[in-house]
Every structure is written in structure tokens, then in C-alpha cells.
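First the structure, in the form of C-alpha cells, and then the observations on it.
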Amino acid sequence: NLDTFGTSTYRGAKYFVSVNNTTTNEVQNSELIVVHNGSATFNTEYAIIKTNDSLATFDSDISSNNVRLLVTPASTSSTTFKVIRTSINT
């Protein structure tokens, strides 16, 4: 997972994620919003800008009372991530 926050601490978060393939020097930047109701998460990805193919896909879930931002990179050996999170208190 790319990030985690407690369900009792925050109701939701907005993310700016920059993905870089260090081999090809391709870049993907995305914004995501994640909210939860205590038992399920809901997320959307938007403002997607990429220099070529998608470098990663994103999802979210709740595990052990924590919301997790999940990522599946297109390449597991040469992908780096930088993340900025803005959180909304419960």
C-alpha cells in the first residue's frame, strides 16, 4: 500500500501522486480522492497526466481500522512514487 490512515482519525483524503519509471523516464501524475464510511472506501482518480502508458493503477480498502491507498505498478522493478496527502478530520 502507498499510504494508510486511521478510520477514526480521518474521514477522507485527497492525494497528489507522481509516478516515475526510472528506466524509461516516463511520468504519470494523478490526483485521487478517498472517503470512507467506517466499513468501506470510495475513491476516484482524476487529473491524470502521463507521458506514455499508465504506470500504475490505484484502489483503496479498509484493513484493521485503517484506510489504505493501494497501488499496482505496471513495472515492479523500476517505479518510484512521491505522494502528497491532504486529510479531512473525522
Side-chain angles (χ1 to χ4, degrees):
N1 56 317
L2 197 55
D3 188 48
T4 303
F5 61 86
T7 56
S8 62
T9 306
Y10 299 115
R11 175 58 69 193
K14 178 180 179 181
Y15 292 93
F16 175 79
V17 182
S18 184
V19 186
N20 183 35
N21 182 310
T22 57
T23 301
T24 64
N25 208 30
E26 298 293 335
V27 176
Q28 174 182 335
N29 287 342
S30 299
E31 291 192 30
L32 299 100
I33 295 178
V34 179
V35 298
H36 72 88
N37 62 9
S39 58
T41 62
F42 309 88
N43 58 275
T44 188
E45 180 184 8
Y46 62 98
I48 305 162
I49 301 173
K50 52 193 175 188
T51 56
N52 201 353
D53 295 329
S54 290
L55 299 178
T57 58
F58 302 94
D59 201 357
S60 62
D61 71 3
I62 293 179
S63 177
S64 300
N65 296 317
N66 288 304
V67 174
R68 302 185 305 172
L69 178 62
L70 307 172
V71 61
T72 303
S75 171
T76 57
S77 63
S78 58
T79 306
T80 61
F81 298 88
K82 294 183 180 179
V83 179
I84 297 172
R85 180 183 78 192
T86 303
S87 305
I88 301 170
N89 290 338
T90 305

Side-chain donor-acceptor pair present, [X], [Y], cut-off under 3.5 Å:
X   : Y   : value
N66 : T4  : no
S87 : N89 : no
S18 : N29 : yes

Next item on the list: Quick one: list whatever passes side chain to side chain contact (heavy atoms under 4.5 Å, CB included) with T80, sequence neighbours left out.
Entry: N20, T22
Checklist line | salt bridge (Lys or Arg N to Asp or Glu O under 4.0 Å) pairs, two or more places apart, involving residues 2-16 | finding: D3-R85, K14-E31
Flag yes if [X] and [Y] sit in one hydrophobic cluster, no otherwise; membership is Ile, Leu, Val, Met, Phe, Trp, Tyr, and two members link when side-chain heavy atoms are under 4.5 Å apart.
X   : Y   : answer
V71 : F5  : yes
L32 : V83 : yes
F81 : L55 : yes
F42 : I33 : yes

How close do [X] and [Y] get, counting heavy atoms only, and between which atoms?
X   : Y   : result
Q28 : A56 : OE1-N, 3.3 Å
S54 : A74 : O-CB, 3.7 Å
I62 : A40 : CD1-N, 3.6 Å

Judged by atom type as modelled, is there a donor-acceptor pair below 3.5 Å linking the side chain of [X] to the main-chain atoms of [Y]?
X   : Y   : answer
T51 : V27 : yes
T90 : T9  : yes
T7  : N65 : yes
S60 : N43 : no

Notebook entry, point to check: Under the side chain to side chain donor-acceptor pair (under 3.5 Å) test, which residues partner Y10, sequence neighbours left out?
Noted result: none
Check: Below 4.5 Å, heavy atoms only, C-beta onward: do N21 and S75 meet side chain to side chain?
Finding: yes
Next item on the list: Please name the residue in the list L69, V67, V35 that meets the side-chain contact (heavy atoms from CB on, under 4.5 Å) test with T41.
Entry: V67
Check: So how far is it from D59 CG to L2 CG, rounded to the nearest 0.5 Å?
Finding: 12.5 Å
